[in-house]
Amino acid sequence: GAGVSQSPSNKVTEKGKDVELRCDPISGHTALYWYRQSLGQGLEFLIYFQGNSAPDKSGLPSDRFSAERTGGSVSTLTIQRTQQEDSAVYLCASSSGQGYGYTFGSGTRLTVV
Amino acid sequence: TQLLEQSPQFLSIQEGENLTVYCNSSSVFSSLQWYRQEPGEGPVLLVTVVTGGEVKKLKRLTFQFGDARKDSSLHITAAQPGDTGLYLCAGPRRGATNKLIFGTGTLLAVQP
């Protein structure tokens with residue numbers, strides 16, 4: 001597509017429920033990233049996919065967080081048993097490779113009540 | 001640990017004023033990028049600087065990369081309300097250059 005698409009744009013969920021966030025990157029971009037942006041904080045790296053390589057999961061804050069990327073394209077970030085501290089904007093970005101800038105989606109604002 | 005500290009954290013100015021935003025680190029970066037993020041949107045790449053001492057101009061925005069490649073600045077001339085947003089610098093992580101470290105951000109508000 002023309003840009004990175006994320007859905008839903010907003011999600012309100014009850015504490016303890018599972019949520020799935022979707023990212024559709026720019027066609028042909030081999031790299032896909034998930035970041036988290038909390039109020040008053042910078043962008044926190046979560047996970048990185050590059051082509052068919054094993055993902056870099058070093059930024060995932062707990063085992064409640066997981067992500068997959070199917071067919072080298074669409075990615076889903078899953079948060080199980082959501083907690084209030086998971087409330088944040090989750091940003092997805094894609095890139096055509098090392099040294100190139102990221103193209104971000106508009107994010108999913110997650111609120112856990 | 002590589003950190004990118006930005007200053008000021010907040011800036012509120014009147015239309016037509018000039019301003020400078022700073023991005024500093026104790027670490028050397030091979031390149032630095034600047035992004036602008038508007039409310040409800042993701043960050044948008046403005047520029048990449050790769051050479052120490054490099055200066056790049058984008059209309060009223062001037063970006064400079066420090067000689068030692070540890071710092072960068074963004075200067076805006078005659079700010080306009082459309083410049084309002086969160087400005088973020090970012091650099092590749094040492095040993096994992098395809099992952100970016102983002103700065104702490106500068107929130108700019110330009111009043112008409």
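Each chain gets a letter, A, B and so on, in the order its sequence line appears, and its residues count up from 1. Just so it is clear, the values below take in all heavy atoms, side chains as well, and ignore hydrogens, waters and symmetry mates. Nothing here was measured: the structure is a model prediction, and the numbers come from that model.
In this structure, chain A has no heavy atom under 4.5 Å from any part of B:Leu4. There is no contact between B:Pro92 and chain A, counting heavy-atom distances below 4.5 Å. Neither the backbone nor the side chain of B:Glu38 comes within less than 4.5 Å of any heavy atom in chain A. Of the two parts of B:Leu107, neither the backbone nor the side chain holds a non-hydrogen atom closer than 4.5 Å to a non-hydrogen atom of chain A. Within the 4.5 angstrom heavy-atom criterion, atoms from both the backbone and the side chain of A:Tyr102 approach chain B. In this structure, the portion of A:Ser58 lying under 4.5 Å from any heavy atom of chain B is its side chain and not its backbone.
A donor and an acceptor atom, one from each side chain of A:His29 and A:Ser94, are located under 3.5 Å apart. A donor and an acceptor atom, one from each side chain of A:Thr30 and A:Gln50, are located under 3.5 Å apart.
The existence of a salt bridge linking A:Arg22 and A:Glu20 is excluded, since no basic side-chain nitrogen approaches an acidic carboxylate oxygen closer than 4.0 Å. With respect to A:Arg64 and A:Asp18, no salt bridge is recorded, no charged nitrogen being found less than 4.0 Å from a carboxylate O.
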Run the numbers on B:Gln33 and B:Tyr35 for side-chain hydrogen bond (donor to acceptor under 3.5 Å, both in side chains), then give the verdict. CA-CA 7 Å; B:Gln33 299 177 350; B:Tyr35 292 79; 2.6 Å; yes
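Contacts with chain B were tallied for A:Ser106, A:Gly105, A:Gly107; A:Ser106 has the most, counting heavy-atom pairs under 4.5 Å.
A:Gln6 places a side-chain N or O within 3.5 Å of a backbone atom of A:Cys92 that can act as its donor or acceptor partner.
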